[in-house]
Participant: 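Here it is, the structure in full.
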2 protein chains.
Amino acid sequence: MVDLPPFSSNFILHWGEMGTKWGVNRTVAQIHALLFISEEPLNAEDICNRLGVARSNVSNSLKELQNWGIVNVIHLSGDRRDHFESVKDVYELFRIIITERKKREIDPTLRNLRKSAEEAGQTNDINDSYAKGQLEELLGFFEMVSDFYNQMDKMPTKSAVKIIGMGDKIAKTLGGFGK
Amino acid sequence: MVDLPPFSSNFILHWGEMGTKWGVNRTVAQIHALLFISEEPLNAEDICNRLGVARSNVSNSLKELQNWGIVNVIHLSGDRRDHFESVKDVYELFRIIITERKKREIDPTLRNLRKSAEEAGQTNDINDSYAKGQLEELLGFFEMVSDFYNQMDKMPTKSAVKIIGMGDKIAKTLGGFGK
DNA sequence: CGGTTGTTTCCGTTAAGAGAGAAATCAAAA
DNA sequence: TTTTGATTTCTCTCTTAACGGAAACAACCG
């Protein structure tokens, strides 16, 4: 971890570690952490040197970060090399991540549940009716979550933040109805 | 996949597959899926037979599901064997999962960010000020998310559901402010 | 054309995790 | 105490992912 203050390396290492728990590989998360706290865009060479990882690894990791949509290519005048920068706004960053995770982790299940529920609907075996009901419950839940995500995604970031931040007030208002 | 209607095996297999994307192993997710759609509690032997996996694997997986808090032991009269049942209410199920994931995936980062931000606060090197600011932004975001989770957790399930379900209406109300 | 940059694709190594099976251990009921 | 069920531990295998290095390739520019 060359040329970085201790608190930065600490953060980068931790972010890499957590990355593995979030389903992205360590290097990918580290590179993202580095770019996120870098004021200027960095080129691939810079990243290699700072993190001490192989060039090919950096190249592939950058590609994955671009697939996620949280890292963009920047061209500096007078320099032919690609430079990379992370989405810098935290709210925007997580909006993208959440949308992407929904696409990968929710939508396939939603499709499968719809299919399963449909198939289940065609059987009338009394033994299967409980399973059928549970699948329908699950499907309903996933539909709801999916709708919620879609609405948050359409919303301007600030409104979404406001909803999250106002969680307690909304809860109090609605609490009476929910009981 | 013995003694199960096609839509059930389909669901169990898919849930197992998605489990790997959610960070739990395949067998653990499959067992959970099986228990979730089973009306009666199953014993370890049953699970072995239905899913065709090793007994030890079932034992360890059940333990992990109990650690997550989404599977409980049940004792049936006249049967000394442990029986297992999943949390059956979908909303309750995901409330538990989300709380648990927060504990594993958010809280450690929150702690680390607090530490990093504190360390960063002590340096006055002008070169580090951007990184410092980004870390503070990130910390603020994680604090907000954490608070939101805590509030949802304290809330009766129905209120939480109501907030999620009313996402669009709340968005419309707040939309004007957010723009 | 030669030099630089970037991507892609191999290959080989290493590390980590999942999974199965066997045996030892433990606990409680009969 | 004996028996049954459950957990724990250990070992072994298999698979996957990560990683680095090297080379091939394409694109571009001077």
Participant: Between Ser59(A) and dG6(C), does any side-chain N or O lie under 4.0 Å from OP1 or OP2?
Facilitator: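 So the side-chain polar atoms of Ser59(A) never come under 4.0 Å of the phosphate oxygens OP1 or OP2 of dG6(C).
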Participant: Does some side-chain heavy atom of Gln66(A) sit less than 4.5 Å from a side-chain heavy atom of Val73(A)?
Facilitator: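 Yes, their side chains come closer than 4.5 Å.
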Participant: Taking protein heavy atoms under 4.0 Å as touching, what does nucleotides 19-30 of chain C look like 5' to 3' if B marks base contact, S marks sugar-phosphate-only contact and - marks none?
Facilitator: SSBB------S-
Participant: Which pairs, with at least one residue in residues 46-56 of chain A and sequence neighbours excluded, count as a salt bridge (Lys or Arg N to Asp or Glu O under 4.0 Å)?
Facilitator: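 Listed once each, the pairs are Glu45(A)-Arg55(A).
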Participant: Can you see whether Asn10(A) engages Asn112(B) through a side-chain donor-acceptor pair at a distance of less than 3.5 angstrom?
Facilitator: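 On atom types as modelled, these side chains qualify, holding a pair under 3.5 Å.
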Participant: Send over the distance from Ile31(A) CD1 to dC19(D) P, rounded to a whole Å.
Facilitator: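 Ile31(A) atom CD1 is separated from dC19(D) atom P by 9 Å.
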Participant: Pick the nucleotide of DNA chain C nearest each of Phe84(A) and Gly23(B); which residue has the one closer to the 5' end?
Facilitator: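 First, find each residue's nearest nucleotide; the 5'-ward one identifies Phe84(A).
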Participant: Glu92(B): which residues meet the side chain to side chain contact (heavy atoms under 4.5 Å, CB included) condition with it, sequence neighbours left out?
Facilitator: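 Glu92(B): side chain to side chain contact (heavy atoms under 4.5 Å, CB included) contacts with Val87(B), Asp89(B), Arg95(B), Ile96(B), Thr157(B).
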Participant: Rounding to an integer number of Å, can you tell me how far Gln66(A) CD sits from dG6(C) P?
Facilitator: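 Answer to the nearest Å: 12 Å.
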Participant: Between the side chains of Glu143(B) and Arg114(B), is the shortest nitrogen-to-carboxylate-oxygen separation below 4.0 Å, so that they form an ion pair?
Facilitator: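 Salt bridge flag = yes for Glu143(B) with Arg114(B).
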Participant: Can you tell me which residue pairs pass the ring-ring contact (aromatic ring centres under 6.0 Å, His included) test with a partner in residues 87-110 of chain B, sequence neighbours excluded?
Facilitator: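 Counting only pairs at least two positions apart or across chains, the ring-ring contact (aromatic ring centres under 6.0 Å, His included) contacts touching residues 87-110 of chain B are Phe141(A)-Tyr91(B), Phe141(A)-Phe94(B), Phe142(A)-Phe94(B).
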Participant: Between residues 32-39 of chain A and DNA chain C, which residues have a heavy-atom gap below 4.0 Å?
Facilitator: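 Hits under 4.0 Å, by residue number: none.
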Participant: What I want to find out is whether Arg104(A) reaches Glu100(A) closely enough, with some N-O distance under 4.0 Å, to be called a salt bridge.
Facilitator: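 A salt bridge links Arg104(A) with Glu100(A).
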Participant: Under 4.0 Å from OP1 or OP2 of dT8(C): is there any side-chain N or O of Lys63(A) that close?
Facilitator: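 For Lys63(A), the contact criterion (side-chain N or O under 4.0 Å from OP1 or OP2 of dT8(C)) is met.
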Participant: Go through the side-chain N and O atoms of Tyr149(A) and Lys103(A) and say whether any donor and acceptor fall under 3.5 Å apart.
Facilitator: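 Note: Tyr149(A) and Lys103(A) side chains miss the donor-acceptor criterion.
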Participant: Find the distance Asn67(A):CG to dT7(C):C1' and express it as a whole number of Å.
Facilitator: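 Between C1' of dT7(C) and CG of Asn67(A): 14 Å.
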Participant: How long is the line joining CD1 of Ile47(A) and P of dG6(C), in whole Å?
Facilitator: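 After rounding, the gap between these two atoms is 10 Å.
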Participant: Without decimals, in angstroms, what is the distance between Leu42(B) CG and dA6(D) C1'?
Facilitator: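 Spelled out: CG on Leu42(B) to C1' on dA6(D) is 16 Å.
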Participant: Just the rounded figure in Å: distance from C1' of dA6(D) to CG of Asp82(B).
Facilitator: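 Asp82(B) atom CG is separated from dA6(D) atom C1' by 7 Å.
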Participant: Rounding to a whole Å, what distance do you find between Glu64(A):CD and dT7(C):C1'?
Facilitator: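 In whole Å, dT7(C) C1' lies 16 Å from Glu64(A) CD.
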Participant: Output the rounded distance in Å from CD (Gln30(A)) to P (dA18(D)).
Facilitator: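 Going from Gln30(A) (CD) to dA18(D) (P), I get 13 Å.
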Participant: When clusters are formed from ILVMFWY side-chain contacts under 4.5 Å, directly or step by step, what else is grouped with Leu76(B)?
Facilitator: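 Its cluster mates, by chain and number, are Ile74(B).
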